[in-house]
Structures are given as structure tokens and as C-alpha cells.
Amino acid sequence: MACISLSEVSRSYVSEAATSIVLDKANLDIPKGAFTAICGPSGSGKSTLLNMIGALDRPDSGTILIDGMDITTLPDSMLASFRNEKIGFVFQSFHLLPVLTATENVAWPLYFKAVPRRERMRIAQQKLTLVGLAEHANKMPGHLSGGQRQRVAIARALVCEPAIILADEPTANLDRNTAKDVINLMQTLNQEYGVTFIFATHDPLVISHAKQVVTLNEGKLIFLSSSEMKEAASHV
């Protein structure tokens, strides 16, 4: 059974000028342990699709199943708890709190699960070690490089032991060498710990590492064949 399954999902935005269709009866199955890239031009709706999978947005119609649960039917009061249990997020702008240390940033999601402070810090330090930042645990984000900040963000995404990590343009603000390091880290977490990764990206580097590539264009999702995946990643 697919870890994530979208069935006939539609989403549009209405403005004074026009109605913009982001998804048009889209169907998508993503298996457990996937390393999936959702690609397409800027404005194609990749982030919207990721937000719906992450229960940050709702479709106009259709169903989204996560581990067999239809999240489109969950009340708002349950969605935050669902996200905290099942899903980790990594964003291109890191979204770290500047007044907190790396450890405190990683531990922050555990605060909302009422985990005692000492235990929060222990788990956060463990995740920082996992992403290779143990020696930077007490530094503020302003004293970290872009790649280090993205590693802190990945550690934070992992801190609640989610089955799925959604990464929205995670390499957009990184230089090529740093981006390669970050993608290699994510690939290791995927292969060794079985974490499912889904990327919204137009970066050929990310696409070249994906096991599954889906394009989003004019509301339609299209799976790329192996040869098409190689072509899409040929500009790395």
C-alpha cells in the first residue's frame, strides 16, 4: 500500500482577474521509503501540492491518504497533532528562530508535545549529531553557514521521528557544493533510516538523486520514465 495516495485531487485559487487551477483531478501514489521529486516551473503549484500532503492546506475536492488515513476529513483541531506525529518540514529559508541555539531550534517541536526540557535537549543533541553538527550545538543561527543552518532544519524535521519529510526547494539558497552535501545527507537518512522524502523542486541536482520524479504543469501530474528522469537531470 502506498504511504501517500492522492485520488482525484483538485485545487484552484480565485482572484478578481481569473481562476487559477493548481491541480486538476490529480492522482499520485508515493511508496514508503520513497525519494520523490515533484518538479515544474515556478508558479506551477509544487509548494501548494506539498502543503496539501503536509496538511497545511486542503484540496477543493478529492482525497489524500497518509498511511491509510484520509487527512482531508480531519478537523482542524486534529491536523496540528497529525503533522507533529507524522510529518517533518524543511524549507528553503530554513525558518530557524534567531534567538535560539541550534539545539533549542531542533528541540522546539518537542515543546508542543510536552516533552520535559532535559529530554528535549538530549533528543535534539542526538539529531544534531546525526546530521554532523554536534560541535555546533550551542551556536546561534547567525553564526552558522547556510549549509549548517539547513542541517539544523533537517535535524528539527527529524526530531519527532516522522515517517515523512517534505522539503520545499531545500537547495535554493545553497551553493552547489553545499547543496550536494545536503542532498547526500538526506539520501543517507532515506536509505539507512527509511525516511520518506518528497521534494518540491526545479533543481536538477535534486532530480538526479530522486528515485521517482513527477512533473506538475497546468494542473496535471505526469510521471517521468527513467530516460526522461535522466534528461531532466542532465543539466547538473
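This structure is a prediction, so every number in the text was calculated from the model and none was measured. Here, residue 1 is the first one in the sequence, and each next residue gets the next number.
- Side-chain atoms of N138 do not come within 3.5 Å of backbone N or O of A102 as any donor-acceptor pair.
- Among residues two or more places apart in sequence or in another chain, the ring pair (Phe, Tyr, Trp, His ring centres under 6.0 Å) test is passed with F82 by none.
- The distance from the CG atom of L74 to the CG atom of D76 is 9.5 Å, given to the nearest 0.5 Å.
- No more than 12 heavy atoms of other residues, nucleotides or ligands lie within 6.0 Å of CD in E218, so this atom counts as exposed by the packing criterion.
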Could you go through residues 50-57 and list every donor-acceptor pair under 3.5 Å that involves a side-chain atom there, pairing it with any protein atom two or more places apart or in another chain?
unit_1	atom_1	unit_2	atom_2	d
N51	ND2	S47	O	3.4
D57	OD1	R11	NH2	3.3
D57	OD2	R11	NE	3.4
D57	OD2	Y13	OH	3.2

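- No donor-acceptor pair under 3.5 Å is formed between the side chain of T36 and the backbone N or O of I198.
- Enclosure of atom CZ in F112 by more than 12 non-hydrogen atoms of other residues, nucleotides or ligands within 6.0 angstrom is indicated.
- Taking F223 as the reference, nothing meets the ring pair (Phe, Tyr, Trp, His ring centres under 6.0 Å) condition, with sequence neighbours excluded.
- Listed by chain and residue number, D24 satisfy the side-chain contact (heavy atoms from CB on, under 4.5 Å) test with K220 (two or more places apart in sequence, or in another chain).
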Donor-acceptor contacts under 3.5 Å from residues 181-195 side chains, at least two apart:
unit_1	atom_1	unit_2	atom_2	d
N184	ND2	K180	O	3.2
T188	OG1	N184	O	3.0
N190	OD1	K211	NZ	3.1
N190	ND2	G33	O	3.1
N190	ND2	A34	O	3.2
N190	ND2	V195	O	2.8

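- When atom types are taken as modelled, the side chain of Q125 and the backbone of R122 share no donor-acceptor pair closer than 3.5 angstrom.
- Note that the CG atom of L133 and the NE2 atom of H136 stand 6.0 Å from one another [nearest 0.5 Å].
- Applying the salt bridge (charged side-chain N to carboxylate O under 4.0 Å, His left out) rule to E85 yields the partners K113; only residues at least two apart in sequence or on another chain are considered.
- Under 3.5 Å, the side chains of N84 and S81 contain no donor-acceptor pair of N or O atoms.
- In this structure, CE on M140 lies 9.0 Å from CG on N105, to the nearest 0.5 angstrom.
- L65 is linked by a side-chain contact (heavy atoms from CB on, under 4.5 Å) to S5, D70, counting only residues two or more places apart in sequence or in another chain.
- The only member of V22, V9, L6 that meets side-chain contact (heavy atoms from CB on, under 4.5 Å) when paired with L49 is L6.
- The side-chain contact (heavy atoms from CB on, under 4.5 Å) check on P75 picks up S77, M78, with sequence neighbours excluded.
- With hydrogens and angles left out, the side-chain atoms of D168 and Q92 include no donor and acceptor closer than 3.5 Å.
- Among residues two or more places apart in sequence or in another chain, the ring pair (Phe, Tyr, Trp, His ring centres under 6.0 Å) test is passed with H143 by none.
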Under 3.5 Å, which donor-acceptor pairs do the side chains of residues 150-165 form with other protein atoms, sequence neighbours left out?
unit_1	atom_1	unit_2	atom_2	d
Q150	NE2	F91	O	3.3
Q150	NE2	P170	O	2.7
R151	NH1	V131	O	2.5
R156	NH1	H95	O	2.7
R156	NH2	F94	O	2.7
E161	OE2	K127	NZ	2.6

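- Residues meeting the ring pair (Phe, Tyr, Trp, His ring centres under 6.0 Å) test with F35, sequence neighbours left out: F197, F199.
- Evaluation of the side-chain contact (heavy atoms from CB on, under 4.5 Å) rule for A179 yields T171, L174, R176, L205 as partners, not counting sequence neighbours.
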